K.L.:
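Just dropping this structure here.
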2 protein chains.
Amino acid sequence: MAGLANLHTPDELHEAFRQFLRQRGIKYTGARKKILDAVLDLTDHFEAEQILYLLKDRGLNVGKATVYRTLPLLVDSGILKQVRFDVKQAHYEHAFGEGPHDHMVCRRCSRIVEFGSEEVVALCEKIARQHHFHVISHRFQLTGLCWECSTQCPVVALPPSGE
Amino acid sequence: MAGLANLHTPDELHEAFRQFLRQRGIKYTGARKKILDAVLDLTDHFEAEQILYLLKDRGLNVGKATVYRTLPLLVDSGILKQVRFDVKQAHYEHAFGEGPHDHMVCRRCSRIVEFGSEEVVALCEKIARQHHFHVISHRFQLTGLCWECSTQCPVVALPPSGE
DNA sequence: ATGCTTGCAAAACGTTTGCACAGGG
DNA sequence: CCCTGTGCAAACGTTTTGCAAGCAT
């Protein structure tokens with residue numbers, strides 16, 4: 001489920017995925033291999049369609065539905081993490097290697113800055129304790145202006161929504 | 001834009017909305033009045049369709065498009081706040097009265113527990129300072145098991161994403 | 001050989017847009 | 001009265017599902 005922090009190579013991750021599927025009685029098929037390969041070659045935050053494009057570029061014929069059906073498996077296996085920004089489509093990022101982190105999204109240039117979450121995790125635990133809640137995961141996102149954009153013009157001209 | 005913390009009654013909020021619209025050169029129409037009335041009668045976290053249902057129940061004929069076109073106005077006016085959980089559709093909550101807060105979502109029973117965000121805001125500022133980021137808003141959400149559900153069975157049986 | 005898995009197409013879903021008509025300032 | 005706002009329906013983009021055929025175990 002988790003604990004892929006020490007696995008880095010494609011081979012190790014394919015093997016981990018295969019074992020995850022097997023212990024669930026799910027097959028490690030060609031399409032799923034191709035999708036995992038594509039996913040490992042993508043960086044940062046990508047969406048389902050980018051996987052499709054990459055597969056098409058490689059001349060691999062994998063259906064859109066198969067990609068959408070495989071993504072939850074990759075998330076459950078601990079290889080991917082679903083990240084939701086304030087848009088309708090889901091984004092994903094690698095969940096192996098690198099510790100957990102959170103995101104700041106620049107409202108003007110859409111740049112995404114990542115930052116470590118030790119303090120965030122500590123706060124999660126403190127709050128959870130106060131409310132008798134058992135935390136499984138957290139999501140912490142800052143929206144604002146990145147350094148460059150706020151230097152250019154610190155006035156927040158864009159309204160929160162619309163227009 | 002903001003500063004509706006002291007307004008509570010429907011009349012005050014209608015007046016605030018009317019002024020907000022006027023200073024933008026937008027009309028305070030019958031449909032928008034009905035939508036605001038419906039929105040004020042809803043509690044907690046609701047989605048666009050719930051507003052439509054409520055209006056239909058009241059025998060008011062307001063189009064879906066009008067509701068979707070009015071929601072951003074209500075958000076910009078500071079009456080509503082858009083809240084995004086890990087689902088595709090947007091949710092909204094009252095933004096007047098009550099200070100800012102964040103949410104814990106129970107993975108098993110979907111209950112939403114709110115908690116104050118003073119510490120979260122402080123952490124936002126600290127992190128923003130470290131990364132030279134100008135924060136406009138934050139979003140902090142905990143996913144896990146609420147007190148009742150974790151009492152029943154603390155084992156996290158449900159996978160992060162379905163089946 | 002069996003039945004999970006696939007690709008395709010079509011449906012579903014929340015949201016947006018185009019349009020002719022209605023209604024507010 | 002003019003121009004914005006409205007309701008309807010159709011379009012939209014993402015995700016899901018039904019199905020016959022394919023393929024891993």
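We name chains A, B, ... by the order of the sequence lines, and we start the count at 1 in each one. The structure displayed is predicted, hence computed values, not measured ones.
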K.L.:
Test E118(A) against V120(A) for side chain to side chain contact (heavy atoms under 4.5 Å, CB included), laying out the working first.
P.N.:
CA-CA 5 Å; E118(A) 308 79 38; V120(A) 179; over 6 Å; no
K.L.:
Tell me, please, which residues at least two apart from D41(B) pass side chain to side chain donor-acceptor pair (under 3.5 Å).
P.N.:
R58(B)
K.L.:
Run the side chain to side chain contact (heavy atoms under 4.5 Å, CB included) test against T143(A) and tell me which residues pass, sequence neighbours left out.
P.N.:
R107(A), Q141(A), S137(B)
K.L.:
So for the helix from dA1(C)-dT25(D) to dG25(C)-dC1(D), with five pairs setting each end axis, what is the inter-axis angle to 10°?
P.N.:
30°
K.L.:
Starting at CZ of R69(B) and ending at C1' of dC19(C), how long is that distance when rounded to a whole Å?
P.N.:
10 Å
K.L.:
Would you please confirm or rule out a distance under 4.0 Å between OP1 or OP2 of dT5(C) and any side-chain N or O of R32(A)?
P.N.:
yes
K.L.:
How would you give the extent of chain A contacts on DNA chain D, as first and last nucleotide 5' to 3' within a 4.0 Å heavy-atom cut-off?
P.N.:
dT14(D) to dT25(D)
K.L.:
Identify, with sequence neighbours excluded, every residue that meets side chain to side chain contact (heavy atoms under 4.5 Å, CB included) alongside R18(A).
P.N.:
E15(A), R22(A), Y28(A)
K.L.:
Output the residues of residues 44-64 of chain B in contact with DNA chain D, where contact means a heavy atom of the residue under 4.0 Å from an atom of the strand; sort by number or write none.
P.N.:
N61(B), V62(B), G63(B)
K.L.:
Please give, in whole Å, the distance from dT15(C) P to K88(A) NZ?
P.N.:
7 Å
K.L.:
Mind checking ring pair (Phe, Tyr, Trp, His ring centres under 6.0 Å) for F133(A) and listing every partner two or more places apart, or none if nothing turns up?
P.N.:
none
K.L.:
Between protein and nucleotides 20-25 of chain C, map the contacts as a letter string: B base, S sugar-phosphate only, - none, heavy atoms under 4.0 Å, written 5' to 3'.
P.N.:
---BBS
K.L.:
Should E93(B) and H101(B) be marked as a side-chain hydrogen bond (donor to acceptor under 3.5 Å, both in side chains) after you check the CA-CA gap, both sets of side-chain angles, and the distance that decides it?
P.N.:
CA-CA 11 Å; E93(B) 66 179 16; H101(B) 59 266; 3.3 Å; yes
K.L.:
Under the side chain to side chain contact (heavy atoms under 4.5 Å, CB included) rule, what do W147(B) and T151(B) come out as? Steps first, then yes or no, please.
P.N.:
CA-CA 6 Å; W147(B) 172 73; T151(B) 300; 3.9 Å; yes
K.L.:
How would you list, by chain and number, every residue that makes a ring pair (Phe, Tyr, Trp, His ring centres under 6.0 Å) with F85(A), sequence neighbours excluded?
P.N.:
H45(A), H91(A), H103(A)
K.L.:
Among all residues two or more places apart in sequence or in another chain, which pass the ring pair (Phe, Tyr, Trp, His ring centres under 6.0 Å) test with F140(A)?
P.N.:
F140(B)
K.L.:
Rounding to an integer number of Å, can you tell me how far Y68(A) OH sits from dG7(C) P?
P.N.:
15 Å
K.L.:
Indicate whether any N or O donor in one side chain lies under 3.5 Å from an N or O acceptor in the other, for D102(B) and H138(B).
P.N.:
yes
K.L.:
Using the test side chain to side chain donor-acceptor pair (under 3.5 Å), find all partners of Y68(B) that sit at least two apart in sequence or belong to another chain.
P.N.:
none
K.L.:
Apply side-chain hydrogen bond (donor to acceptor under 3.5 Å, both in side chains) to residues T9(B) and E12(B) and explain how you reach the verdict.
P.N.:
CA-CA 5 Å; T9(B) 72; E12(B) 286 170 327; 3.2 Å; yes
K.L.:
Just jot down the salt bridge (charged side-chain N to carboxylate O under 4.0 Å, His left out) partners of D37(A), sequence neighbours excluded, or say none.
P.N.:
none
K.L.:
How would you label the contact of A65(A) with the nucleic acid (heavy atoms, under 4.0 Å): base, sugar-phosphate, or nothing?
P.N.:
base
